[in-house]
Amino acid sequence: MATSSTADARLVHESGHESGHESGHESGHIAAGASIAERHEQARRLLHGGAIDEGLTILRGLVAVAPRSVQLRRHLALALHRSGRHTEALTALVDATDAHPREVSLLEDVAALAQRLDDRVTVASIRRRLVAIEPSPRRWQQLATACRRAGDVDGERDAMVGWAAADPGDPIAAHLAAARSGRSLERASASYVTRLFDDYADAFDDHLTELGYRAPSVVAASLARALDGGVAATACDLGCGTGALGTLVRPVVGWLVGVDLSSRMLERAGTRGYDRLVQADLVDFLAGHTSSFDALLSADTLIYLGDLVPVFAAARAAMTRSRPGVFVFTLERDDTAATADVGFRLGRSGRFVHDESYVLDELAAAGFAECRATHEILRHEGHDPVHGLVVTART
Ligand SMILES: C[S@@+](CC[C@H](N)C(=O)[O-])C[C@H]1O[C@@H](n2cnc3c(N)ncnc32)[C@H](O)[C@@H]1O
């Protein structure tokens with residue numbers, strides 16, 4: 001068993017010695033009249049020398065006579081943990097919190113040990129107690145994570161709402177509180193997208209490979225089909241991220257621009273075949289580039305926009321007027337019909353799902369022709385497939 005872990009390190013707060021003499025409660029191993037400190041020292045020596053059961057017996061006896069000693073309870077829990085009696089160790093620490101219900105470092109020890117033992121329900125219940133003592137944004141966030149891991153959907157939602165209230169300026173908290181509460185938005189804020197993907201950029205490519213991510217390859221394949229052996233003179237990758245799509249479409253595109261809100265994602269796209277990279281919101285970028293592109297492409301990005309009417313209007317205006325053009329993108333598909341009234345909804349994941357007929361109708365209303373959608377699995381989330389729409393429209 002590891003003895004240098006955070007949980008162990010936190011459990012070892014054994015500086016100083018207990019003082020005072022106890023009488024009348026000695027176990028058979030302890031000399032009558034010995035002080036708690038002497039008995040504790042004896043337990044230490046026994047444990048150190050490998051006499052685990054004897055050392056534990058003394059420690060248990062000491063905890064019985066000095067039940068408010070956090071130091072003794074921590075030592076007992078550590079000794080139990082090191083001897084493989086994990087559940088008893090956790091119980092010893094939880095019992096200690098009854099004596100010291102507001103001792104933050106002790107509650108942290110319990111949470112750390114419960115986490116190591118994968119006791120998710122205990123982690124969540126301790127995190128709830130910590131929030132009650134210190135209702136800071138960090139504590140609410142930790143509670144939300146613990147509830148999610150424990151499968152407590154309502155608890156996670158309440159913690160997200162608490163986190164957003166504790167830090168009203170945090171875009172992640174605000175967005176996820178809306179998502180978990182079933183509240184819809186028109187779109188994800190630029191500050192949410194930027195923070196999310198700046199933080200995610202380093203891990204993005206490896207993570208998506210693990211999830212069997214296919215959005216760039218299905219967009220590239222649809223573009224190749226639409227071009228039918230031809231080449232698009234100018235193209236823009238909307239939400240290019242780390243540039244996976246750029247690499248794939250480069251052979252069939254004359255001049256390629258990548259647009260993204262996240263500077264950290266763009267840094268990674270830099271080496272992947274774009275002629276120009278622009279840090280901007282994609283709707284603003286399109287609005288500033290009328291009659292500029294033969295192909296507009298977007299893989300796994302319009303899922304951060306709920307209402308697609310402004311995107312489609314700006315996209316239609318950005319297509320070159322003098323030549324036919326093509327717009328290819330992916331979305332996540334709603335299988336529940338819950339979007340039927342407005343055509344989109346913010347999912348619990350924080351991404352939007354869209355109704356297929358809403359998408360095709362709004363594309364046509366914006367002036368696109370031959371609007372079609374196919375169904376594809378875009379990646380997996382845990383063991384669940386993410387069902388997507390791959391949409392092609394022409395001008
Ligand atoms: C899931 S990633 C996909 C990246 C890339 N298309 C791919 O398939 O690997 C979504 C990307 O869209 C960007 N994004 C989301 N909303 C955006 C917006 N409104 N304007 C520009 N970029 C946006 C994010 O910063 C992120 O890099």
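Since we're looking at a predicted model, the values are computed, not measured. Whatever order the structure lists them in is the order used to number ligands and atoms, beginning at 1.
Nearest protein heavy-atom contact of atom 18 (C) of ligand 1 is Leu261 CD1, 3.5 Å. Atom 1 (C) of ligand 1 has Asp300 O, 3.4 Å as its closest protein atom, hydrogens excluded (heavy atom only). Of all protein heavy atoms, the one lying nearest to atom 4 (C) of ligand 1 is Gly239 O, 3.5 Å. Taking atom 2 (S) of ligand 1 as the reference point, the nearest protein heavy-atom neighbour is Phe197 CE2, 3.7 Å. Remark: minimum distance from atom 3 (C) of ligand 1 to any protein heavy atom is reached at Ala299 O, 3.6 Å. The protein heavy-atom contact nearest to atom 7 (C) of ligand 1 is Tyr213 OH, 3.2 Å.
The shortest heavy-atom distance from Ala280 to ligand 1 is under 4.0 Å.
Here Phe285 has no heavy atoms under 4.0 Å from ligand 1, in either its backbone or its side chain.
Each of the atoms 27 (O) of ligand 1 lies under 4.0 Å from some heavy atom of Met265. Every atom of ligand 1 with a heavy atom of Arg187 under 4.0 Å away is listed here by number and element: 19 (N). Set against the non-hydrogen atoms of Val193, the atoms of ligand 1 under 4.0 Å away are 14 (N), 15 (C), 16 (N), 24 (C), 25 (O).
Ranked by closest heavy atom to atom 5 (C) of ligand 1, the top entry among Ala244, Ala215, Ser263, Cys240 is Cys240. Nearest to atom 13 (C) of ligand 1 by heavy atom, out of Asp260, Leu297, Val219, Leu245, is Asp260. When Asp281, Asp198, Leu302, Leu248 are ranked by how near their heavy atoms come to atom 19 (N) of ligand 1, first place goes to Asp281. By heavy-atom distance, the residue among Asp237, Leu282, Val259, Thr301 lying nearest atom 12 (O) of ligand 1 is Thr301.
Annotation: His75 is in aromatic contact with His40 [ring centroid separation under 6.0 Å]. Less than 6.0 angstrom separates the ring centroid of Phe197 from the ring centroid of Tyr304.
For the pair Val110 and Leu90, the minimum side-chain heavy-atom distance is below 4.5 Å. Residues His387 and Ile377 meet the side-chain proximity criterion, which asks for heavy atoms closer than 4.5 Å. Between Leu176 and Tyr192 there is a side-chain heavy-atom pair separated by less than 4.5 Å.
The side-chain contact (heavy atoms from CB on, under 4.5 Å) test with Leu297 is passed by exactly one of Val326, Val249, Thr330: Val249.
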### Task
Go through the steps to decide whether Tyr200 and His207 satisfy the test ring pair (Phe, Tyr, Trp, His ring centres under 6.0 Å), and finish with yes or no.
CA-CA 9 Å; Tyr200 192 16; His207 189 210; 5.7 Å; yes
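Counting only N and O atoms by type, the side chains of Asp355 and Ser357 include a donor and acceptor under 3.5 Å apart.
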